[in-house]
Amino acid sequence: MIDIKLVREKPDFVKQALLNRNYDSKIIDDILSLDTKFRALTNQVNQLRSQRNAISKQVAQKKASGQADEVDLLMSEGKKIGEQIDSIESQLKGIEEQINRLILFVPNIPDPSVPIGKDETSNLEVRRWGEPKNFDFPAQAHWDLGPALGLMDFDRAAKLSGSRFTVMYSAFAKLERALMNFMLDLHTKEHGYTEVWVPHLVKRSTMTTTGQLPKFEEEAYRIEADDLFLIPTAEVPLVALRSEEILEEKDLPLLYTAYTPCYRREAGSYGKDVRGMIRQHQFDKVELVWITTPERSFEDLERLVSHAEEVLKRLELPYRVIQLCTGDLGFGAAKTYDLEVWLPSYNCYKEISSCSNDTDFQARRGNIRYRRKDGKLSFVHTLNGSGVAIGRTLVAIVENYQRPDGRVNVPKALQPYLGCEVLG
RNA sequence: GGAGAGGUGGCCGAGUGGUCGAAGGCGCUUGCCUGCUAAGCAAGUGUGGAGGGAUACCUCCACCGAGGGUUCGAAUCCCUCCCUCUCCGCCA
């Protein structure tokens, strides 16, 4: 969440930030007026408490020195003040709850370096790597090629689970597994990440830390009996891992990577990407998370992006890097780069990784702080990025490495993992 | 699911109604001492909020898992809940 002090001190700045994201800025006015009331009442109640404390102290002194005569009067006075305190406190409690509820719905403030724009048409292309291949034969989409090889099965997946699920067999199932290992090995051995194995079911508070809740509950799968949520990304457990903790500056940055499946209801995307395995309710991903300091977080974001890019370079998949504009930023992000891989079936670049600096937004929600060298406490900055989405990588490999005979070449980097050069 | 134990400051740990925001220890910071380091000695060292002088200061308030209750007054008594641990049961 954002700092309530920022709302208090620079309301117009915060409102403009929301407008740049296509959010309604009225929520800021609501918070502001509640906050004004809150502070006025807080002062009142503090004064009353101060009075009552003084009285209680006198009671104790008189009792100790045997002057019981004035005690009754003091006690009844204390009781009167106590009743006033109770009444103000109950008002305060209601106001505080309202403020807390509202502020959880306020998105992060975009970094000044983020281009202002309404939607993805204002995103900036930062760079490209590789050239989209020109096939000298009719290239197939993965949803044709996969089933033709007998390695992808959308029909039986639908039978088991409904739409937006995939079953894969033998070489493709193994390719999925090879990609996990390849990515995790790269990030742990060459980029300095610590591999973490995390729960896939998390509590409501965990989902709130990273920003999925309360605003996007309808996007998440929820286990009602225990009020647990299936993680939509490993970012959730990795970022919240250190919630409510105070870290030492010398231990930062922390670099975490995890492979997990990701579960998403895709409630708002009915017509989108309906064919194949581009948009699934369950997909595998290797995630990268940094817990770092405010001084260096934006430089660290560039490093994180380069780590995700390295995956695509090693796999020799053509991609481009996009910087999202304000209107396209995710809820918690202050700055985001997307990596988009070339997909012949779409005849365009398609998102395969999203790397964001969430600044102190998640740290505030999860109360993740660090002790600076001067002894003061500050919120950390958190970064997250896909390193990268495995299902879409598999699709990209299948489509970009397909051969005239309908089989699929194996990228050199994966050959040690698969032990072969051709799939199918 | 059943039974029990426990949740106190960065950490450990005392504290059962009135200068307890909290003993003591560890850690950390500073100073002294000292070839260096260590040890020793001394002092300091929680967080959050509101307000005022508005950098380094001061005042008030709150915080001993969370939320209620009793009381003039609660870390301390009562209730509810959450979490952790141990044992038993069930199960991969």
Side-chain angles (χ1 to χ4, degrees), chain A residues 1-10 31-104 197 199-209 213 223-229 237 240-252 254 291 293 360 363-380:
Chain A
M1 64 188 146
I2 62 168
D3 188 351
I4 181 104
K5 284 182 193 154
L6 190 63
V7 176
R8 202 177 284 157
E9 287 159 16
K10 297 180 179 172
I31 290 172
L32 217 45
S33 77
L34 286 166
D35 181 60
T36 305
K37 257 190 253 173
F38 179 81
R39 283 188 294 160
L41 289 174
T42 299
N43 277 336
Q44 273 184 47
V45 83
N46 280 352
Q47 273 180 29
L48 289 169
R49 282 208 192 100
S50 177
Q51 287 174 33
R52 186 177 65 178
N53 287 346
I55 287 172
S56 293
K57 204 174 263 184
Q58 285 182 54
V59 171
Q61 282 167 359
K62 304 246 182 209
K63 280 193 172 177
S65 61
Q67 304 171 256
D69 42 332
E70 290 173 45
V71 166
D72 286 347
L73 187 67
L74 286 170
M75 276 169 41
S76 73
E77 205 173 319
K79 187 162 194 167
K80 247 183 259 168
I81 295 174
E83 281 159 8
Q84 293 179 56
I85 291 173
D86 285 347
S87 124
I88 296 175
E89 270 185 338
S90 69
Q91 292 178 60
L92 269 177
K93 201 184 146 200
I95 292 170
E96 195 174 15
E97 273 170 13
Q98 288 181 63
I99 292 173
N100 289 341
R101 196 170 25 200
L102 287 179
I103 204 156
L104 287 176
W197 189 86
H200 302 169
L201 288 165
V202 297
K203 296 195 285 190
R204 184 171 283 276
S205 58
T206 307
M207 291 280 276
T208 304
T209 291
L213 296 181
I223 310 297
E224 183 156 13
D226 299 298
D227 202 32
L228 291 172
F229 294 82
L241 191 63
R242 309 309 292 276
S243 60
E244 304 296 337
E245 291 190 34
I246 295 171
L247 308 170
E248 294 297 329
E249 181 162 9
K250 67 175 165 52
D251 297 330
L252 300 179
L254 294 168
I291 295 177
T293 61
D360 60 358
R364 285 179 187 282
R365 291 173 159 244
N367 198 25
I368 313 172
R369 294 175 296 173
Y370 74 105
R371 192 173 294 282
R372 295 200 312 246
K373 292 198 178 96
D374 64 10
K376 295 274 171 58
L377 294 178
S378 290
F379 289 109
V380 300

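Chain letters run A, B, ... following the sequence lines, proteins first, then strands; residues in each count from 1.
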Original post:
What do the steps show when you test A:Leu104 against A:Arg365 for side-chain contact (heavy atoms from CB on, under 4.5 Å), and what is the final call?
Top reply: CA-CA 8 Å; A:Leu104 287 176; A:Arg365 291 173 159 244; 3.7 Å; yes
Can you tell me, in whole Å, how much space there is between the [atom1] of [N] and that of [M]?
{"N": "B:A56", "M": "B:U47", "atom1": "P", "result": "14 Å"}
{"N": "B:G10", "M": "B:C72", "atom1": "P", "result": "34 Å"}
{"N": "B:U84", "M": "B:G65", "atom1": "C1'", "result": "10 Å"}
{"N": "B:C20", "M": "B:A14", "atom1": "C1'", "result": "12 Å"}
{"N": "B:C78", "M": "B:G6", "atom1": "P", "result": "13 Å"}
{"N": "B:C81", "M": "B:C26", "atom1": "C1'", "result": "34 Å"}
{"N": "B:C82", "M": "B:G24", "atom1": "C1'", "result": "31 Å"}
{"N": "B:C61", "M": "B:G1", "atom1": "P", "result": "45 Å"}

Original post:
Who passes side chain to side chain contact (heavy atoms under 4.5 Å, CB included) against A:Glu97, sequence neighbours left out?
Top reply: A:Lys93
Subject >> Under the side chain to side chain contact (heavy atoms under 4.5 Å, CB included) test, residues paired with A:Asn53 that sit two or more places apart >> reply: none
Check every strand shown and say whether [X] touches a base, only sugar-phosphate, or nothing at a heavy-atom separation below 4.0 Å.
{"X": "A:Ile246", "result": "sugar-phosphate"}
{"X": "A:Asn53", "result": "sugar-phosphate"}
{"X": "A:Lys62", "result": "nothing"}
{"X": "A:Lys63", "result": "base"}
{"X": "A:Ile81", "result": "nothing"}
{"X": "A:Lys80", "result": "nothing"}

All N/O donor-acceptor pairs, side-chain side in residues 72-81 of chain A, below 3.5 Å, sequence neighbours left out:
from: A:Ser76; atom 1: OG; to: A:Leu73; atom 2: O; distance (Å): 3.0

Original post:
What stems involve RNA chain B, if each pair must be Watson-Crick or G-U and both of its distances must be under 3.5 Å, with 3 or more such pairs in a row?
Top reply: B:1-7 with B:82-88, B:10-12 with B:24-26, B:27-32 with B:40-45, B:46-52 with B:57-63, B:65-69 with B:77-81
Original post:
What's the verdict on side-chain contact (heavy atoms from CB on, under 4.5 Å) for A:Asp3 and A:Phe379, showing C-alpha distance, side-chain angles and the deciding distance?
Top reply: CA-CA 11 Å; A:Asp3 188 351; A:Phe379 289 109; over 6 Å; no
Subject >> Pairs satisfying salt bridge (charged side-chain N to carboxylate O under 4.0 Å, His left out), at least one member in residues 34-46 of chain A, at least two apart >> reply: A:Arg8-A:Asp35, A:Asp35-A:Arg39
**OP:** Would you indicate whether the side-chain heavy atoms of A:Lys203 and A:Leu228 approach each other to under 4.5 Å?
**Re:** yes
Original post:
Mapping A:Arg49 and A:Gly78 to their closest nucleotides on RNA chain B, which lands nearer the 5' end?
Top reply: A:Arg49
**OP:** Between A:Arg8 and A:Ser50, name the one whose nearest nucleotide on RNA chain B is closer to the 5' end.
**Re:** A:Arg8
Original post:
Quick one: does A:Ser50's side chain have a donor or acceptor within less than 3.5 Å of a partner on A:Asn46's backbone?
Top reply: no
Original post:
Taking the side chain from A:Ser87 and the backbone from A:Glu83, do they hold a donor-acceptor pair closer than 3.5 Å?
Top reply: no
Subject >> Boundaries of the chain A footprint along RNA chain B (any atom under 4.0 Å from a heavy atom) >> reply: B:G10 to B:G73
**OP:** Assess whether side-chain contact (heavy atoms from CB on, under 4.5 Å) is satisfied between A:Gln84 and A:Arg52, documenting all intermediate values.
**Re:** CA-CA 11 Å; A:Gln84 293 179 56; A:Arg52 186 177 65 178; over 6 Å; no
